[in-house]
Amino acid sequence: MKKFSLILSFFLFTFASQAQQVPSPEAFLGYKVGTRYTRHHKIVAYFNEVAKARPNMVKLEQYGLTNEGRELMVAFVGSPENIQRLDEIRRNNLRLAGVSRDKAAPLLNGAPAIVWLSYNVHGNEPSSSEAALLTLFALTDPSNAATKAWLKNTVVVIDPCINPDGRDRYVNWFNSVVGKDMNADPSSREHSEPWPGGRSNHYNFDLNRDWAWQTQVESQQRLKKYNTWLPQVHVDFHEQGYNAPYYFAPAAEPFHEVITPWQRNFQELIGRNNASYFDKNGWLFFTKESFDLLYPSYGDTYPIYNGAIGMTYEQGGHSRGGLAVVKSDGDTLTLVDRATHHFTTGLSTIETSSKNHEKLMSEFKQYFDDSRSGKTGEYKTYVLTAKDQNKLIPVIKLLEQNGIEWGTLDSKNFRGYNYFSGKEEAFGDEGFHIAVSAYQPKSVMARVLLEPKTVVTDSNTYDITAWSVPYAYGVKAYAVKEKLDLGNSWKVAPVKEVSSSYGLLIPYSSFNAARLLGDLLRSNIKVRFAESPFRYKNKDYERGTLIVLKTGNPENWNAITNAACIKHNIQPELVETGFVDKGFDFGSSSVSTLSGAPKVAMLTGDQVSSLGAGEVWHYFDKILEYPITLINATEMGRMNFKDIHVLIIPDGYIRALSDKATADKLKDFVRNGGKIIALEGAVSQLASDWGLKQKSEKDDEKPAEYADVRKYGERNKGYLSNSIPGAIFKMDLDNTHPLGFGYPDYYYTLKQDGVLYEFMKGGWNVGVLKKDAHVSGVAGAKVKARLKDGMLFGVQGMGSGTVVYFSDNPLFRNFWENGKLIFANAVFLAGQ
Ligand SMILES: [Zn+2]
């Protein structure tokens with residue numbers, strides 16, 4: 001017995017001392033960080049190991065799962081005192097921002113600053129997650145006196161990998177192609193990653209463009225967590241081309257107007273501290289040249305518009321960095337170097353934040369005090385209105401995902417800037433409305449998303465310059481300079497079941513109707529749709545109204561249709577006779593019948609844009625919830641077109657289309673009744689063969705005097721007159737064509753290139769730009785002058801089939817809500 005208990009106490013003693021020892025990443029992984037790529041599950045395992053060894057300093061929280069089932073998690077790292085009161089720190093922080101409902105007074109004294117470090121948003125910029133391992137160890141290593149001191153004044157939140165699916169896609173690929181020794185020659189295979197690359201998530205979405213829109217599960221789950229904390233400092237770690245030196249804050253122009261002097265100054269403070277470490281080591285870096293702060297969906301701007309110091313840090317390396325790569329200057333850059341640099345800036349940022357935590361906290365509080373007192377811009381209330389509540393529900397979802405409060409108005413007697421007419425006008429209520437006040441904690445974010453025009457001080461930006469929600473969501477709106485009183489929010493009116501022995505009418509005025517149509521077709525319900533307006537029982541119905549009749553449908557048609565209406569929140573209406581008061585009777589041949597769900601396929605693979613293909617894929621899989629078959633473009637020659645009804649060609653360059661045999665096969669597919677939907681680059685690729693002509697700069701345009709005498713010092717500005725980094729244009733839409741059903745006679749398009757087509761002679765020019773179509777965003781003088789009198793959305797008949805052209809992308813990042821219906825129209829209605 002005695003002997004046994006001796007052994008037992010020996011084990012207990014060993015266990016206890018091990019529990020206190022924090023394993024270094026090297027000891028845990030079996031290799032030095034940076035000498036191999038660490039797969040995501042090993043990163044998670046290391047964080048768990050450290051949390052187990054230092055439960056009083058590290059608290060882990062899983063906040064979700066990726067599309068492929070990988071764990072999304074954050075680690076809260078702090079002094080034992082702070083970790084013990086972690087939730088009180090969080091709640092106090094929300095009270096400081098004024099977003100908390102609890103009534104306790106917020107405490108400024110003694111509140112630690114929250115520093116949130118996000119790693120590896122782009123999966124093939126992988127050095128940062130390796131740096132996260134080093135950072136966690138440095139913060140928890142008992143022998144590290146410096147970090148121990150910093151953690152008295154800061155709570156550090158580490159998200160070791162925002163995009164695990166993308167990271168593992170890159171890392172698994174790299175590990176599968178690297179030899180016994182890595183090869184630093186940039187032309188070797190391990191430096192050239194295959195399509196679609198690890199940058200994006202499972203659906204090929206760039207998560208660093210998705211912070212505000214939250215179309216992706218990673219962003220949705222992360223932002224939910226983020227908004228229950230609202231850190232004072234946020235760093236988003238990236239990599240850029242391997243020849244580039246390190247980039248850190250301060251950022252470059254253009255800055256959004258809402259960014260405060262304090263936010264700019266603190267960026268510089270952090271940058272100077274980072275620089276001191278880089279100087280000591282002789283590492284090169286640059287600041288304030290590129291990486292602007294405008295588009296709200298980045299990992300730097302989003303935190304900035306939510307009261308933080310948001311920053312992007314960029315290490316050279318990227319997917320072409322491998323484990324080591326020879327740069328153009330002859331030096332070799334290793335993964336060890338890359339991870340070390342990110343590790344260094346991460347710690348330096350914590351140091352600066354800790355040393356200035358009191359100022360950080362008081363400025364944070366001031367930021368939200370100013371927000372709540374409406375000091376964030378000239379407009380004090382934004383009012384959005386629609387005939388169909390289903391047009392406003394997506395707006396409400398967006399506001400709520402971003403913690404923006406909204407309500408309704410009691411008094412509708414006011415004037416404001418009408419987004420759609422561009423004039424100050426009296427409010428015209430469409431039936432439903434919501435209002436957003438500038439007097440609220442999230443006032444800045446509300447302004448950035450809702451203001452009619454974003455002021456851009458310098459057009460040298462690398463992303464879109466216009467995204468205003470009323471245009472993107474197709475909802476009428478007014479920006480009002482007075483503070484209006486907001487009342488309670490409305491509740492969605494529930495759908496009432498309608499039992500009919502003859503038929504049902506379903507209004508077609510939102511994207512919900514298209515989703516409903518897809519569901520009905522998949523349930524083998526035969527659906528008719530009205531090509532012209534009609535009047536039935538003293539009520540007017542618009543084009544596109546869906547008509548489901550008992551005739552020709554399965555016995556349970558009424559139950560299936562009602563269930564679909566309830567699911568998609570559309571009130572069906574009873575039909576008792578096929579005789580209409582005005583217009584075509586339901587039995588008329590002018591009422592089209594859709595029978596059977598069309599089989600949809602899309603070309604994918606390395607000849608198409610991965611982002612473009614991802615947008616279509618995600619749209620069908622997760623939004624429309626309608627099956628789609630993905631076919632590699634390289635297989636096109638062998639493809640059997642027989643069972644396909646709709647073929648989608650996303651942006652890209654399909655080599656097979658230059659092959660005559662394949663191009664003929666495609667034409668036969670259309671002539672025999674098939675439908676092609678071509679997007680962006682695919683339109684220009686089809687153009688010459690299919691009779692479309694791109695408009696070009698006029699040859700007879702007289703060049704300005706001395707146009708060829710350019711200043712060398714201004715060489716970088718020259719291209720701007722021809723650039724259009726994402727601007728909003730008003731398109732005239734033929735809403736009598738099925739492609740335009742459910743829309744008014746206009747549509748706001750996000751124009752990202754100068755491409756426009758001459759009007760088609762034989763087809764339908766459904767979406768066109770006439771004169772003065774520019775609404776908002778940067779468009780160079782030359783390109784703006786050129787973008788008029790031409791076609792962007794068109795439908796062309798060929799034999800018994802159809803081609804739909806979308807020269808602009810209605811599914812851009814899946815956030816352009818108003819484009820979702822027109823794409824569904826292309827799939828289900830156009831060309832019937
Ligand atoms: Zn990046």
Side-chain angles (χ1 to χ4, degrees), residues 598-605 607-617 619-620 628-634 636 639 641 644-659 662-695 731 737-740 747 749-753 755-760 762-768 790-799 801-812 816 819-820 822-831:
K599 182 170 178 187
V600 181
M602 179 187 80
L603 295 183
T604 188
Q607 297 172 21
V608 308
S609 145
S610 68
L611 296 172
E615 285 156 1
V616 177
W617 181 24
Y619 170 80
F620 277 90
I628 183 166
T629 303
L630 307 186
I631 296 169
N632 278 321
T634 46
M636 219 178 127
M639 196 173 133
F641 283 97
I644 295 170
H645 301 106
V646 180
L647 178 69
I648 299 167
I649 313 181
D651 187 26
Y653 187 84
I654 314 287
R655 284 191 292 278
L657 290 181
S658 325
D659 166 51
T662 312
D664 287 347
K665 208 171 147 181
L666 205 60
K667 279 188 175 162
D668 285 343
F669 161 68
V670 177
R671 283 195 195 101
N672 293 327
K675 189 192 306 187
I676 288 177
I677 301 174
L679 287 140
E680 301 177 273
V683 178
S684 56
Q685 217 194 336
L686 292 179
S688 61
D689 239 21
W690 300 58
L692 284 190
K693 195 162 178 262
Q694 243 181 62
K695 292 185 75 124
M731 197 187 262
H737 189 284
L739 187 66
Y747 172 87
T749 186
L750 184 67
K751 201 86 199 76
Q752 299 186 81
D753 57 33
V755 175
L756 186 67
Y757 290 87
E758 291 186 358
F759 295 126
M760 279 192 292
W764 300 107
N765 297 288
V766 180
V768 303
M791 185 271 289
L792 288 170
F793 293 173
V795 180
Q796 194 176 21
M798 187 183 286
T802 311
V803 191
V804 181
Y805 301 109
F806 286 121
S807 181
D808 283 355
N809 178 5
L811 299 180
F812 182 65
W816 205 261
K820 291 174 182 170
I822 206 163
F823 202 86
N825 287 349
V827 174
F828 296 126
L829 303 184

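Everything numeric in this text was worked out from a predicted model, so none of it was measured. The first residue of the sequence shown is numbered 1, and numbering continues consecutively from there.
- Annotation: side chain of M602 is not in contact with side chain of I649 (no heavy-atom distance under 4.5 Å).
- When side chains are defined from C-beta on, K820 does not count as touching P810, because their heavy atoms never get closer than 4.5 Å.
- With rounding to the nearest 0.5 angstrom, the CG atom of L792 is 9.5 Å from the OH atom of Y757.
- For the pair V768 and M731, the minimum side-chain heavy-atom distance is 4.5 Å or more.
- Residues M760 and L692 have side chains in contact (heavy-atom distance under 4.5 Å, counting atoms from C-beta outward).
- For the residue pair S658 and Y653, the shortest heavy atom distance occurs at OG-OH, 3.2 Å.
- One N or O on the side chain of K675 and one on the backbone of A826 form a donor-acceptor pair closer than 3.5 Å.
- Residues F620 and T629 form no side-chain contact, since every pair of their non-hydrogen atoms from C-beta on lies 4.5 Å or further apart.
- A donor-acceptor contact shorter than 3.5 Å is absent between the side chain of Y805 and the backbone of L686.
- Judged purely by atom type and a 3.5 angstrom limit, Q685 has no side-chain atom pairing as donor or acceptor with the backbone of R655.
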> For E758 and K695, what are the C-alpha separation, side-chain angles and deciding distance, and is it a salt bridge (Lys or Arg N to Asp or Glu O under 4.0 Å)?
Replying inline: CA-CA 6 Å; E758 291 186 358; K695 292 185 75 124; 5.9 Å; no
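- Between V795 and V803 the shortest side-chain heavy-atom distance does not fall below 4.5 Å.
- Side-chain atoms of F641 and K665, non-hydrogen and from C-beta on, do get closer than 4.5 Å to each other.
- Here the closest heavy-atom approach between residue H737 and residue A830 is recorded as CE1-CB, 4.4 Å.
- The residues R671 and D668 are annotated as salt-bridged, a charged nitrogen and a carboxylate oxygen being separated by less than 4.0 angstrom.
- Side-chain N/O atoms of N809 and E615 include a donor and acceptor closer than 3.5 Å.
- Aromatic rings from F806 and F823 are positioned such that their centres are separated by under 6.0 Å.
- A donor-acceptor contact shorter than 3.5 Å links the side chain of Y619 to the backbone of A824.
- Contact check for F828 versus P738: no side-chain heavy atoms found under the 4.5 Å cut-off.
- Remark: the backbone N or O of V755 is paired with a side-chain donor or acceptor of D753 at under 3.5 angstrom.
- Scanning both residues, L811 and G819, for their nearest heavy atoms gives CD2-O, 4.3 Å.
- The distance from atom CD1 of I676 to atom CE of M798, rounded to the nearest 0.5 Å, is 8.0 Å.
- No more than 12 heavy atoms of other residues, nucleotides or ligands shown are found within 6.0 angstrom of CH2 on W764.
- Listed here is the closest heavy atom pair of H645 and F669: O-CZ, 3.8 Å.
- Across all their heavy atoms, L647 and M639 have their closest contact at CD1-CE, 3.9 Å.
- What you find for L679 and V616 is that their closest heavy atoms are CD1-CG2, 3.9 Å.
- Rounding to the nearest 0.5 Å places CD1 of I631 at 6.5 Å from CG of L603.
- For D651 (side chain) and E680 (main-chain N/O), no donor-acceptor pair under 3.5 Å exists by modelled atom type.
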